[in-house]
Chemist: 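My questions will all concern the structure given below.
Only this structure's heavy atoms are used, side chains among them; waters, hydrogens and symmetry mates stay out.
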Amino acid sequence: MTAPARHLTIIGAGLAGALLGILLRRRGWNVDLYEKRGDPRVQGYGGGRSINLALAERGRHALRAADADDAVMHHAIMMRGRMVHVGDTEPVLQRYGRDDSEVIWSVHRGDLNIVLLDLAEAAGARLHFDAGLDAVNFDSRRAVFRDPRGDSTREVQFEALVGADGAGSALRAAMHRVRDLGERSDFLDHGYKELEIPPRADGGFRIEPNALHIWPRGHYMCIALPNDEKTFTVTLFLPHHAGADGGPAFDQLVDVDSARDFFERDFPSALALIPEFDRDWRANPVGQLGTLYLDHWHLDGRAVLLGDAAHAMVPFHGQGMNCAFEDCVALAQQLDAHDDLANAFAAFEAGRKPDAAAIQRMALDNYLEMRDRVDDADYLLQRELELALQDRHPGRFVPHYAMVTFMRIPYSLAMTRTDLQRGILERATAGHASMSTLDWDAIDAEVRDLLTLLEDVPA
């Protein structure tokens with residue numbers, strides 16, 4: 001006699017929840033997805049707080065596992081590197097990799113969510129919208145969902161709950177009332193606001209589409225990522241409050257006129273591309289940026305958290321979604337390996353926590369690089385040396401960005417090797433202004449001494 005199919009109830013039908021639903025259905029699980037918002041395929045996707053997403057190899061591997069890569073890539077735009085805008089000079093492209101085989105892809109969160117929801121529903125997952133988690137009785141394994149439209153509720157029985165409901169996770173709050181999860185949040189003193197560069201009058205892109213554009217200004221910056229509608233999503237990152245140095249901050253931009261004056265002074269080339277600046281500034285709120293740390297991600301076999309619900313991070317390495325997608329694959333694999341949900345959830349947490357902590361730290365490090373260093377002479381020299389050492393020591397000296405973005409080695413391993421390699425670069429270039437004066441024999445010896453050959457995770 002065939003055993004009945006197992007069942008998981010996923011809280012949150014965003015990116016990770018929808019992808020996990022597909023992966024589980026492919027394994028024969030019964031899946032219900034509950035989402036507090038309405039169906040974006042019906043009412044459209046609410047923007048203004050999303051930040052465009054950078055899809056890298058880790059995320060694409062997860063999409064391929066769900067047979068979703070082709071459908072998603074239809075909406076993606078290649079980004080070869082950072083196009084750095086400094087002063088009145090022509091912007092300069094800093095490639096992410098060696099060639100077009102090493103790129104990332106810009107995709108709009110709303111487009112990606114809709115594609116994954118369609119695929120999850122086609123795979124047999126049951127989708128429930130306007131159903132926010134309101135209460136959980138973990139002893140009786142019953143959950144209450146509230147419809148915000150009419151304030152009605154419904155109660156459902158569950159075998160186990162999976163929290164894919166983001167940094168403000170309702171499931172995490174419910175779990176915390178039963179077990180102290182050791183939750184800590186570290187918010188940046190910076191926030192963000194989104195604007196939009198529309199297409200040209202002829203329907204084309206206004207600026208180079210195959211790049212992440214960045215206007216670095218020391219302690220703040222703007223970035224712009226392309227969309228397949230020939231628009232760019234522009235994001236301003238700025239301190240919430242003015243500091244002792246008198247630098248700009250959101251609390252100084254009290255109205256749209258002061259915001260426009262700020263852009264005219266600090267980002268004139270970006271402002272010239274945003275004809276609806278006043279409308280966008282008024283319409284889109286200032287978003288928070290922070291890192292969420294938890295000591296515990298699961299409640300025995302009754303509930304588990306993943307993605308931002310377990311380890312939200314700042315967006316400056318473009319890895320939040322990619323990391324969450326890796327979580328989905330890892331959890332599905334642990335469910336394959338363990339009949340007992342408590343063991344599966346514990347193994348998932350043990351395997352993913354060190355890597356989540358590593359990419360959280362590297363995302364914070366990358367913010368400092370993006371806003372402070374991309375136009376510095378010492379950074380540019382170290383980057384030039386990094387690429388040269390990649391050619392001189394293939395498979396041994398692998399640039400930081402390549403390890404994180406183009407490979408699937410554990411984030412924790414990438415962080416360890418990055419720290420070693422950064423030391424090599426800093427020591428080699430100290431006191432030098434060009435590659436011509438470097439001590440290549442000493443550099444090569446140090447690379448061979450400190451770094452082993454590195455192999456990627458098999459496909």
Chemist: Taking the inter-plane angle between the rings of H85 and H213 on a 0 to 90° scale, is it parallel (under 30°), tilted (30 to 60°) or perpendicular (over 60°)?
Modeler: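 Ring orientation, 0 to 90° scale: tilted.
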Chemist: Ignoring hydrogens, what is the shortest heavy-atom contact between R383 and P399? Give both atom names and the distance.
Modeler: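 Taking every non-hydrogen atom into account, NH1-CB, 4.0 Å.
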Chemist: What closest approach, in Å, do A54 and M321 show between heavy atoms, and which atom pair accounts for it?
Modeler: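 Scanning both residues, the minimum pair turns out to be O-CE, 3.9 Å.
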Chemist: Using the rule given for salt bridge (Lys or Arg N to Asp or Glu O under 4.0 Å), can you reason through R95 versus D100, listing the C-alpha separation, both sets of side-chain angles and the distance that settles it, and then say yes or no?
Modeler: CA-CA 9 Å; R95 271 194 175 271; D100 280 359; 3.1 Å; yes
Chemist: Decide side chain to side chain contact (heavy atoms under 4.5 Å, CB included) for F187 and L289; before the verdict, give the C-alpha distance in whole Å, the side-chain angles of both, and the deciding distance to 0.1 Å.
Modeler: CA-CA 6 Å; F187 289 99; L289 297 165; over 6 Å; no
Chemist: Name all residues meeting the salt bridge (charged side-chain N to carboxylate O under 4.0 Å, His left out) criterion together with D336; count only those two or more places apart in sequence or in a different chain, and write none if there are none.
Modeler: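 R27.
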Chemist: Given the rule in the side chain to side chain contact (heavy atoms under 4.5 Å, CB included) test, do Y379 and L425 qualify, once you have shown the distances and angles that lead to the verdict?
Modeler: CA-CA 10 Å; Y379 170 82; L425 296 173; over 6 Å; no
Chemist: Could you list the donor-acceptor pairs under 3.5 angstrom formed between side-chain atoms of residues 451-459 and any protein atom two or more places apart in sequence or on another chain?
Modeler:
{"residue": "T452", "atom": "OG1", "partner": "R417", "partner atom": "NH1", "Å": "3.3"}
{"residue": "D456", "atom": "OD1", "partner": "R408", "partner atom": "N", "Å": "2.8"}
{"residue": "D456", "atom": "OD1", "partner": "I409", "partner atom": "N", "Å": "3.3"}

Chemist: As a quick check of understanding, evaluate salt bridge (Lys or Arg N to Asp or Glu O under 4.0 Å) for K36 and D165, giving each step before the final call.
Modeler: CA-CA 9 Å; K36 66 181 179 181; D165 51 342; over 6 Å; no
Chemist: When you measure from the side chain of R206 to the backbone N and O of P198, does any donor-acceptor pair fall under 3.5 Å?
Modeler: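 Between the backbone of P198 and the side chain of R206 there is a qualifying donor-acceptor contact (under 3.5 Å).
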Chemist: So, T405 side chain and A402 main chain: donor-acceptor pair closer than 3.5 Å or not?
Modeler: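 Side chain of T405 to backbone of A402, a donor-acceptor pair under 3.5 Å: no, none is there.
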Chemist: Enter the distance from I424:CD1 to L385:CG here, rounded to the nearest 0.5 Å.
Modeler: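 So the CD1 of I424 and the CG of L385 are separated by 9.0 Å.
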Chemist: Show your reasoning for whether ring-ring contact (aromatic ring centres under 6.0 Å, His included) applies to F232 and F205.
Modeler: CA-CA 8 Å; F232 283 82; F205 285 103; 5.5 Å; yes
Chemist: Okay, side chain of E386, backbone of H400: is any donor-acceptor separation there less than 3.5 Å?
Modeler: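 Yes: the side chain of E386 pairs with the backbone of H400.
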Chemist: Do the rings of W297 and F348 sit parallel, tilted or perpendicular, given the 30° and 60° boundaries?
Modeler: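 Because their plane-to-plane angle lies in the 30° to 60° range, the rings of W297 and F348 count as tilted.
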Chemist: Where does the angle between the aromatic ring planes of F263 and F267 fall among parallel (under 30°), tilted (30 to 60°) and perpendicular (over 60°)?
Modeler: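 Judged by the thresholds at 30° and 60°, the geometry between F263 and F267 is tilted.
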Chemist: So, does R396 use its side chain to make a donor-acceptor pair with the main chain of Q390 at under 3.5 Å?
Modeler: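 No; judged by distance alone, with no hydrogens or angles, the pair does not exist.
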Chemist: Find the distance between CG (L225) and CD (E194) and round it off to the nearest 0.5 Å.
Modeler: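 If we round to the nearest 0.5 Å, L225:CG and E194:CD are 10.0 Å apart.
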Chemist: Which is it for R60 and D69 under the salt bridge (Lys or Arg N to Asp or Glu O under 4.0 Å) test, yes or no, and what are the steps along the way?
Modeler: CA-CA 6 Å; R60 291 198 64 185; D69 188 60; 2.8 Å; yes
Chemist: So, taking the atom named SG in C328 and the one named CG in L23, what distance separates them when rounded to the nearest 0.5 Å?
Modeler: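 Going from SG on C328 over to CG on L23, the span is 6.5 Å.
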Chemist: Side chain of K193, backbone of T235: donor and acceptor closer than 3.5 Å?
Modeler: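 Checked: no pair found.
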Chemist: For V329 and A62, work out which heavy atoms get closest and say how close.
Modeler: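 In this case the closest contact between V329 and A62 is CG2-CB, 3.6 Å.
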Chemist: Y411 and Q319: side-chain donor and acceptor closer than 3.5 Å?
Modeler: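 Present: a donor and an acceptor within the cut-off.
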Chemist: Mind checking the CG-CD spacing from L63 to E57? Nearest 0.5 Å is all I need.
Modeler: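 Answer for the CG-CD pair, L63 versus E57, is 10.0 Å.
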Chemist: Hey, is R37 close enough to D130 for a salt bridge, meaning N to O under 4.0 Å?
Modeler: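 Between D130 and R37 there is no salt bridge, as every charged N stays at least 4.0 Å from the carboxylate O atoms.
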Chemist: Walk me through whether H75 and D228 qualify under side-chain hydrogen bond (donor to acceptor under 3.5 Å, both in side chains).
Modeler: CA-CA 6 Å; H75 298 276; D228 64 341; 3.2 Å; yes
Chemist: Apply side chain to side chain contact (heavy atoms under 4.5 Å, CB included) to the pair F237 and L188, showing each step before the final yes or no.
Modeler: CA-CA 11 Å; F237 297 98; L188 284 186; over 6 Å; no
Chemist: Compute whether any side-chain donor of one residue and acceptor of the other, for H393 and R448, lie under 3.5 angstrom apart.
Modeler: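 Note: H393 and R448 side chains miss the donor-acceptor criterion.
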Chemist: What is the distance from atom CZ of R141 to atom CZ of F158, rounded to the nearest 0.5 Å?
Modeler: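 Rounded to the nearest 0.5 Å, the CZ-CZ separation comes out at 6.5 Å.
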Chemist: What pairs of donor and acceptor atoms, side-chain ones from residues 298-314 against any protein atom, are under 3.5 angstrom apart with sequence neighbours left out?
Modeler:
{"residue": "H298", "atom": "ND1", "partner": "E349", "partner atom": "OE1", "Å": "2.7"}
{"residue": "D300", "atom": "OD1", "partner": "R302", "partner atom": "N", "Å": "3.2"}
{"residue": "D300", "atom": "OD1", "partner": "R302", "partner atom": "NE", "Å": "2.8"}
{"residue": "D300", "atom": "OD2", "partner": "R302", "partner atom": "NE", "Å": "3.3"}
{"residue": "D300", "atom": "OD2", "partner": "R302", "partner atom": "NH2", "Å": "2.8"}
{"residue": "R302", "atom": "NH1", "partner": "F138", "partner atom": "O", "Å": "3.3"}
{"residue": "H311", "atom": "ND1", "partner": "G307", "partner atom": "O", "Å": "3.4"}
{"residue": "H311", "atom": "NE2", "partner": "D327", "partner atom": "OD2", "Å": "2.6"}

Chemist: Could you walk me through whether D295 and R184 satisfy the salt bridge (Lys or Arg N to Asp or Glu O under 4.0 Å) test, starting with their C-alpha distance in whole Å, then the side-chain angles of each, then the deciding distance to 0.1 Å, before giving a yes or no?
Modeler: CA-CA 9 Å; D295 292 335; R184 308 171 304 287; 3.2 Å; yes
Chemist: Applying side chain to side chain contact (heavy atoms under 4.5 Å, CB included), run through W105 and M79 and close with a yes or a no.
Modeler: CA-CA 6 Å; W105 301 86; M79 296 190 294; over 6 Å; no
Chemist: Going by the ring-ring contact (aromatic ring centres under 6.0 Å, His included) test, which pairs reach into residues 321-346, not counting sequence neighbours?
Modeler: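 Applying ring-ring contact (aromatic ring centres under 6.0 Å, His included) to every pair that reaches into residues 321-346, excluding sequence neighbours, yields nothing.
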Chemist: If you measure only the distance, is there a donor-acceptor pair under 3.5 Å linking the side chains of N227 and T233?
Modeler: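 Yes, side-chain donor-acceptor contact under 3.5 Å.
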Chemist: Under 3.5 Å, is there a donor-acceptor pair between the side chain of R6 and the main chain of N30?
Modeler: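 No; judged by distance alone, with no hydrogens or angles, the pair does not exist.
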Chemist: Shortest non-hydrogen contact from L93 to G81?
Modeler: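 Nearest heavy atoms, L93 then G81: CD1-C, 3.7 Å.
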Chemist: Does any N or O in the side chain of R25 come within less than 3.5 Å of the main-chain N or O of A123, such that one atom is a donor and the other an acceptor?
Modeler: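 Between the backbone of A123 and the side chain of R25 there is a qualifying donor-acceptor contact (under 3.5 Å).
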Chemist: Drop me the distance from I77's CD1 to E229's CD, to the nearest 0.5 angstrom.
Modeler: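 Between atom CD1 of I77 and atom CD of E229 there are 8.5 Å.
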Chemist: Return the set of residues passing salt bridge (charged side-chain N to carboxylate O under 4.0 Å, His left out) with E183 (not counting sequence neighbours), or none when no residue passes.
Modeler: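 Expected list: R172.
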Chemist: Is the backbone N or O of H7 less than 3.5 Å from a side-chain atom of E159, with the two atoms forming a donor-acceptor pair by type?
Modeler: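 Confirmed, E159 side chain pairs with H7 backbone.
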Chemist: Using atom types as modelled and distance alone, determine if a side-chain donor or acceptor of H176 lies under 3.5 Å from a backbone N or O of L181.
Modeler: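 Yes; judged by distance alone, with no hydrogens or angles, the pair exists.
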Chemist: Within the distance-only criterion (no hydrogens, no angle test), does the side chain of D111 pair as donor or acceptor with the backbone N or O of V107 below 3.5 angstrom?
Modeler: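 No, D111 side chain to V107 backbone: no donor-acceptor pair under 3.5 Å.
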Chemist: If you take the centroid of each ring, where Trp contributes its six-membered ring, are H128 and Y34 closer together than 6.0 Å?
Modeler: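 Centroid distance Y34-H128: below 6.0 Å, so yes.
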Chemist: Using distance alone, with no hydrogens and no angle criterion, decide if S412 and D355 have a side-chain donor and acceptor under 3.5 Å apart.
Modeler: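 Per modelled atom types, S412 and D355 side chains form a pair under 3.5 Å.
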Chemist: Show the nearest heavy-atom pair for residues L292 and S185, with the distance to one decimal.
Modeler: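 Shortest heavy-atom contact: CD1-OG, 3.6 Å.
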Chemist: Considering non-hydrogen atoms only, spot the tightest contact between A363 and F316 and give its length.
Modeler: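 Minimum heavy-atom contact is O-CB, 3.5 Å.
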Chemist: Do L331 and Q333 have side chains that get closer than 4.5 Å, going by heavy atoms?
Modeler: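 The answer is no, as the side chains (C-beta and beyond) never meet within the 4.5 Å cut-off.
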Chemist: Kindly write out the residues that satisfy salt bridge (charged side-chain N to carboxylate O under 4.0 Å, His left out) with R98, not counting sequence neighbours, or none if the list is empty.
Modeler: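 Once residues adjacent in sequence are excluded, the partners of R98 under the salt bridge (charged side-chain N to carboxylate O under 4.0 Å, His left out) criterion are E102.
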